[in-house]
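Note on naming: letters A, B, ... go to the chains in the order of the sequence lines (proteins, then strands), and numbering restarts at 1 for each one.
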Amino acid sequence: MNKLYITTPLYYVNDKPHAGTAYSTVIADIFNRFHQFFSKETLFLTGVDEHGQKCQQAAEGKNMDVQDHCDEMAQVFIKTWENLSIKYDVFYRTTSSEHKQCVQKALQKIFDRGFIYESTYEGWYSVSEEIFYKEKDLVDGKSPQGKLVTKITEKNYFFKMSQFKNQLIQHLQDHPDFIYPSTRQNEVLSFVKNLEDLCISRPKSRLKWGIPLPFDSDYVVYVWVDALLNYIFGAGLWKESDSDFESWWKESVHFIGKDILITHAVYWPCLLMALDLPLPKKIVSHGWLLNQDLEKMSKSQGDILDPLELAQQIGHDSLRYFFSSVRFGHDAPISQKMIIQEHNQSLANNLGNLVQRVLTLIESSLAGTLPPPPSSLHPLQEKSMETCEKVSKYIHEFSIHMAVFEITELLNQTNKFLEETAPWNFISEKDKTAPILYTALDVLRVAVSLLQPIIPNASQEVLRRLGLPPQSFEQTKKVNQLKSGIVVKKESPIFPRVRL
RNA sequence: CGCGAGGUGGAGCAGUCUGGUAGCUCACCGGGCUCAUAACCCGGAGGUCGCAGGUUCAAAUCCUGCCCUCGCAACCA
């Protein structure tokens with residue numbers, strides 16, 4: 001119960017990370033950090049999906065060896081996550097020899113259990129695009145891009161996915177929390193009702209870059225099957241040393257974008273059932289980041305945002321903060337301007353400015369020395385304790401934006417509190433300013449501690465200025481936790497305003 | 001009837017599950033403060049919460065129908 005296994009999708013390495021992949025990863029990282037904050041033991045996995053046709057094509061396009069291309073791209077992902085303060089435990093690569101061995105072992109097992117059969121695959125193949133189309137996808141007898149297609153009948157291996165239909169429907173009905181948000185459950189159910197078998201092989205004559213089937217080396221495995229299996233191997237299944245796989249897997253949560261819900265909520269459970277393994281505990285699908293016109297961002301429109309650039313321009317924490325402030329689970333518009341506005345309003349004007357004014361007042365009134373706590377509890381401190389409870393509740397409900405809203409509200413109240421008490425009017429009367437300044441700083445301590453999972457770097461810098469180490473939730477939800485007697489000092493602003 | 005999401009003051013959004021005086025940020029107008037990053041605080045103008053019915057003492061919130069916008073339809077987070 002005290003463990004939690006969090007995963008992001010394995011990102012496809014045909015291109016570098018974009019705002020969407022960054023969003024998935026940052027959100028998963030924030031949840032991971034929140035649960036660590038709540039004293040859970042967590043395992044956080046991310047990684048890259050390196051096989052398949054598009055990857056092979058991307059390498060060929062650059063005139064590179066495919067493995068070299070993958071190695072290069074993997075580094076780009078690692079560097080991007082570093083720049084977004086992503087703290088993962090496992091960076092999984094599907095070209096590792098361990099992964100290949102495990103995938104083959106899994107396929108053999110499914111094969112031995114009788115869930116894989118040989119049949120013929122019929123489809124319309126576009127030689128120039130190297131893509132199969134179904135009859136219904138064709139436009140005037142050609143591919144949607146207008147390329148010539150020919151009907152091909154090909155021997156392939158199929159996974160008896162349809163056999164798990166009733167079992168999966170039963171699971172979905174018995175576990176209404178399996179998919180978040182629950183509204184997307186219907187989407188999955190309606191898909192499952194027409195469940196067909198899945199073609200899981202690709203002949204090597206067409207696709208070389210993949211893991212060979214253990215029972216027929218003329219074929220490689222379909223990339224989704226290859227990639228999905230990472231989730232169990234990454235948690236230690238079939239490792240030589242007796243791993244904690246079972247205890248992690250029991251508490252597994254997959255974070256994904258809504259577009260890959262079917263693969264995760266249908267294909268993946270069926271594969272697990274075929275392997276006689278338990279299903280993941282939860283699948284959390286988030287919405288998309290859209291451009292200002294609320295359309296999907298696309299390269300052709302040139303409105304792709306580079307997360308690395310954004311992080312460097314505005315700051316890691318500010319980008320993370322923006323991601324956490326949009327309604328979780330739903331689509332949301334994003335632009336550089338919106339991120340900067342959010343940074344200026346919430347982080348610079350509200351939080352950052354509050355830190356400066358309180359510390360300045362303590363310096364000028366109390367020579368920087370933190371006073372003892374006031375004899376009675378101020379209502380604002382009571383409110384800060386309520387905020388702790390609300391944040392915990394919202395995070396457990398995946399309403400991260402509501403958690404952010406509550407913390408912002410607490411900071412607003414603290415600004416208001418200073419305005420009402422106006423300690424600058426009697427700055428030399430220490431006995432009057434001390435309780436006010438202690439209260440304000442103690443509430444600030446709570447707010448900043450609650451923000452640690454979202455803005456890890458800045459919040460720890462603020463805590464350092466308050467003379468405190470990183471804080472746990474247990475510490476955060478107590479009042480009067482400042483170290484009386486130590487000397488604090490104002491330093492340069494943590495979140496300078498960014499001009500638009 | 002393919003599946004799904006959304007329509008809330010000028011802009012962008014939250015609130016909808018668990019019905020109870022419509023909230024946040026930006027922009028605009030007036031005032032205060034000068035501790036603070038020209039930041040902060042107070043007040044004001046601006047919304048019949050897409051439309052029409054229904055349930056209820058009470059509906060942005062629940063039910064029904066309709067209109068409009070947008071995604072997805074199997075390797076694109």
Looking at B/C66, which nucleotide sits across from it as a Watson-Crick or G-U wobble partner, both distances under 3.5 angstrom, or is there none? B/G50
Nearest whole Å is fine: how far is B/A11 C1' from A/K337 NZ? 9 Å
Where the side chain of A/H171 meets the backbone of A/P269, is there a donor-acceptor pair that is under 3.5 Å apart? no
Any base atoms under 4.0 Å from A/F255, or only sugar-phosphate, or nothing? Heavy atoms, all strands. nothing
NA contact type, A/I260, heavy-atom cut-off 4.0 Å: base, sugar-phosphate, or nothing? sugar-phosphate
Taking only N and O in the side chain of A/K490, is any of them less than 4.0 Å away from OP1 or OP2 of B/C35? no
Hey, does A/N349 reach any base, or is it just sugar-phosphate, or nothing, if we go heavy atoms under 4.0 Å? sugar-phosphate
A/H264 and A/W224 aromatic ring geometry - parallel, tilted or perpendicular at 30°/60° bounds: perpendicular
Under 3.5 Å, side chain of A/D442 to main-chain N/O of A/Y438, donor-acceptor pair present? no
Shorter than 3.5 Å, N or O on both sides, protein versus nucleotides 14-19 of chain B: list them out with atom names.
residue : atom : partner : partner atom : Å
B/A14   : OP1  : A/R327  : NE           : 2.3
B/A14   : OP1  : A/R327  : NH2          : 3.4
B/A14   : OP2  : A/R327  : NH2          : 3.4
B/G15   : OP1  : A/H401  : NE2          : 3.3
B/G15   : OP2  : A/R327  : NH1          : 3.0

Is the backbone of A/I339 close enough, under 3.5 Å, to the side chain of A/H343 for a donor and an acceptor to pair up by distance? no
Is a donor-acceptor pair below 3.5 Å formed from side chain A/Y12 to base B/A77, judging by atom type as modelled? no
Distance-only criterion, 3.5 Å: show the donor-acceptor pairs between side-chain atoms of residues 489-500 of chain A and protein atoms not counting sequence neighbours.
residue : atom : partner : partner atom : Å
A/E491  : OE1  : A/R464  : NH2          : 3.1
A/E491  : OE2  : A/R464  : NH2          : 3.3
A/R497  : NH1  : A/N349  : OD1          : 2.5

Evaluate A/H254 against A/Y231 for side-chain contact (heavy atoms from CB on, under 4.5 Å), listing each step before the verdict. CA-CA 9 Å; A/H254 297 315; A/Y231 295 133; 3.3 Å; yes
Watson-Crick or G-U wobble partner of B/C40, both distances under 3.5 Å: B/G32
Give me the ring orientation class for A/Y267 and A/F191: parallel if the planes are under 30° apart, tilted from 30 to 60°, perpendicular past 60°. tilted
Quick one: look up who B/U55 pairs with, Watson-Crick or G-U, both distances under 3.5 Å, and put none if it's unpaired. none
Picking from B/G4, B/C75, B/A77, which would you name as closest to the side chain of A/V223? B/C75
If we call it a pair only when both distances are under 3.5 Å in a Watson-Crick or G-U wobble match, what pairs with B/C72? B/G2
Nucleotide opposite B/A77 in a Watson-Crick or G-U pair, distances under 3.5 Å: none
Send over the distance from A/Q345 CD to B/C26 P, rounded to a whole Å. 4 Å
B/U37, B/A77, B/A74: which one has an atom nearest the side-chain heavy atoms of A/F495? B/U37
Rounded to whole Å, the CE-C1' distance (A/M338 to B/A11) equals 10 Å
Evaluate the side-chain proximity of A/S318 to A/L347: yes if any heavy-atom separation is below 4.5 Å, no if none is. yes
Counting heavy atoms from C-beta on, name the nucleotide in B/A77, B/U37, B/G71 closest to the side chain of A/K258. B/G71
Sorted by number, the residues of residues 412-427 of chain A with heavy-atom contact under 4.0 Å to RNA chain B: A/N415, A/K416, A/E419, A/W424, A/N425
Within less than 4.0 Å of OP1 or OP2 of B/A39, is there a side-chain N or O belonging to A/R497? yes
Among B/U37, B/C35, B/A74, which nucleotide has an atom closest to any side-chain atom of A/L361? B/C35
Out of B/A77, B/G71, B/C40, whichever nucleotide has its closest atom nearest the side chain of A/D259: B/A77
Under 30°, 30 to 60°, or over 60°: which ring-plane class applies to A/F328 and A/F31, parallel, tilted or perpendicular? tilted
Assign A/Q356 to base, sugar-phosphate, or nothing according to its heavy-atom contacts below 4.0 angstrom with the strands shown. base
If you check the A/F191 side chain, which of B/U37, B/A74, B/C75 turns out closest? B/A74
Got a salt bridge between A/K100 and A/D226, using NZ or NE/NH1/NH2 to carboxylate O under 4.0 Å? no
